[in-house]
Amino acid sequence: MSILEIPVMRGFVRLCNDGWHQGWHERNGGNLTYRLKESEVESLKKYLLPARGWVNMGVQAKNLAYERFITTGSGKFFRNIEQSAAENIGIVEINATGDSWRTVWGLEAGAVPTSEFPSHFMNHSIRKIATGGLNRVIYHAHTPNLIALTYILPLESREFTRALWQSATECPVVFPEGVGVVPWMVPGGADIAKATSEIMKSYPAAVWAHHGLFCSGKDFDETFGLMHTIEEAANIHLKVLSSGRPILQTITSDNLRQIAKAFNVKLNEAFLD
Ligand code: 13P
Ligand code: ZN
């Protein structure tokens, strides 16, 4: 049996493929990490071997010491993952101090984890705490409609959350906490990692101005679904703004409260009128 037939590996590759087909991963755009369960590590164990030495990340999270992550490779194209997974994705383990990784499978021919691994890592740390250990997936995609909105909406959580909640009736049910916004920053390092993880203390998703979106979730379905829902709402909002027609009606704050009651979710009141 190939390691790629193990369900968690299949799920990882499937999400990458789905994201590619959505048009969210031009060239090497976007990245995905998954924090493995102990039972999954057991099922993968015979394939895992420390291949290279420890690499310091520039960030630290004690609550992720000894964890193992599946990760996409830096500079790798989502388009190629299904065809040649071992060159484009890999499994890394974290050291005892929670500040370094080493490859234990894949990332062949000298590949390394995504350049956004520090952001993923800090987000994993924060979301692990925020969800009592349930969160396992961090997913970054270059979602075109949401990126377009970051040029015309104020870069504030309230503005983005309201625009998205009011663009599709299911949105407040899918992300009742709302979304956070990180202003434009240089990608790929410790600074943007720290800024994003601050946002992720309160929100399951963080918009990166003029760049894309980070989503978190307990499994691949939930995380992909969150990315998909937010990007679709952004698409609708952009279509409405682009129509050149005045907005005659929308989903009001009271409507949002009605949805919250009917679906038994708690909306962030600060975002309602
Ligand atoms: P990586 O190829 O290093 O994952 O970078 C892609 C990206 O989207 C950076 O934000
Ligand atoms: Zn990116």
Side-chain angles (χ1 to χ4, degrees), residues 12-13 15-35 52 55-59 69-92 94 100-103 105-124 137-151 155 160 179-200 203-216 220 223-224 226-228 230-231 234:
F12 188 97
V13 170
L15 188 154
C16 294
N17 215 27
D18 287 348
W20 156 247
H21 286 294
Q22 287 294 328
W24 302 337
H25 299 287
E26 80 295 340
R27 205 175 179 280
N28 64 309
N31 22 76
L32 174 67
T33 56
Y34 176 83
R35 184 170 61 85
R52 281 161 262 157
V55 179
N56 186 277
M57 288 181 276
V59 292
F69 293 90
I70 317 175
T71 177
T72 51
S74 184
K76 302 299 183 186
F77 296 18
F78 269 46
R79 179 173 165 254
N80 294 335
I81 289 173
E82 198 176 40
Q83 274 73 27
S84 45
E87 287 163 24
N88 292 292
I89 68 173
I91 301 175
V92 297
I94 305 300
S100 303
W101 57 264
R102 68 176 172 183
T103 305
W105 177 83
L107 294 172
E108 284 175 359
V112 292
T114 169
S115 59
E116 305 295 1
F117 199 78
S119 280
H120 284 249
F121 188 74
M122 292 307 291
N123 291 341
H124 274 290
V137 188
I138 299 289
Y139 179 31
H140 167 55
H142 293 177
T143 41
N145 294 290
L146 187 76
I147 295 170
L149 286 183
T150 67
Y151 291 85
L155 295 175
F160 269 79
V179 299
V181 182
V182 179
W184 185 87
M185 290 180 77
V186 175
D191 289 346
I192 198 165
K194 285 171 191 156
T196 311
S197 63
E198 275 305 309
I199 294 285
M200 285 247 173
Y203 306 102
V207 179
W208 275 11
H210 321 322
H211 185 147
L213 180 62
F214 263 85
C215 286
S216 63
F220 296 123
T223 315
F224 187 85
L226 180 58
M227 186 73 76
H228 204 184
I230 292 174
E231 173 59 0

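Read the numbers this way: they start at 1 and go in the same order the structure lists the ligands and their atoms.
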**Message:** Taking non-hydrogen atoms within less than 4.0 Å of ligand 1, which protein residues qualify?
**Reply:** Asn28, Gly29, Gly30, Asn31, Ser74, Gly75, Thr114, Ser115, Glu116, His140, His142, His211
**Request:** Would you check if the side chain of Thr103 reaches a backbone N or O of Arg52 as a donor-acceptor pair within less than 3.5 Å?
**Result:** no
**Message:** Met200 vs Phe214, test: side-chain contact (heavy atoms from CB on, under 4.5 Å). Steps then yes/no.
**Reply:** CA-CA 9 Å; Met200 285 247 173; Phe214 263 85; 3.8 Å; yes
**Request:** Kindly indicate, with the supporting measurements, whether the criterion side-chain contact (heavy atoms from CB on, under 4.5 Å) is fulfilled by Ile89 and Lys76.
**Result:** CA-CA 8 Å; Ile89 68 173; Lys76 302 299 183 186; over 6 Å; no
**Request:** Return yes if a side-chain donor-acceptor contact under 3.5 Å exists between Asn145 and Glu231, otherwise no.
**Result:** yes
**Message:** Under a 3.5 Å distance rule, please check whether Thr114 uses its side chain to pair with a backbone N or O of Thr72 as donor and acceptor.
**Reply:** no
**Item:** Ring geometry between Trp24 and Tyr139 (parallel below 30°, tilted from 30 to 60°, perpendicular above 60°)
**Value:** tilted
**Prompt:** Relative to each other, are the rings of Phe69 and Phe117 parallel, tilted or perpendicular (30° and 60° limits)?
**Reply:** perpendicular
**Prompt:** If waters are left out, how many protein N/O/S atoms lie within less than 2.8 Å of the Zn ion (ligand 2)?
**Reply:** 3
**Tyr34 and Leu15: CA distance, side-chain angles, deciding distance, side-chain contact (heavy atoms from CB on, under 4.5 Å) verdict** = CA-CA 11 Å; Tyr34 176 83; Leu15 188 154; over 6 Å; no
**Request:** Could you check whether the rings of His120 and His124 sit parallel, tilted or perpendicular, using 30° and 60° as the cut-offs?
**Result:** tilted
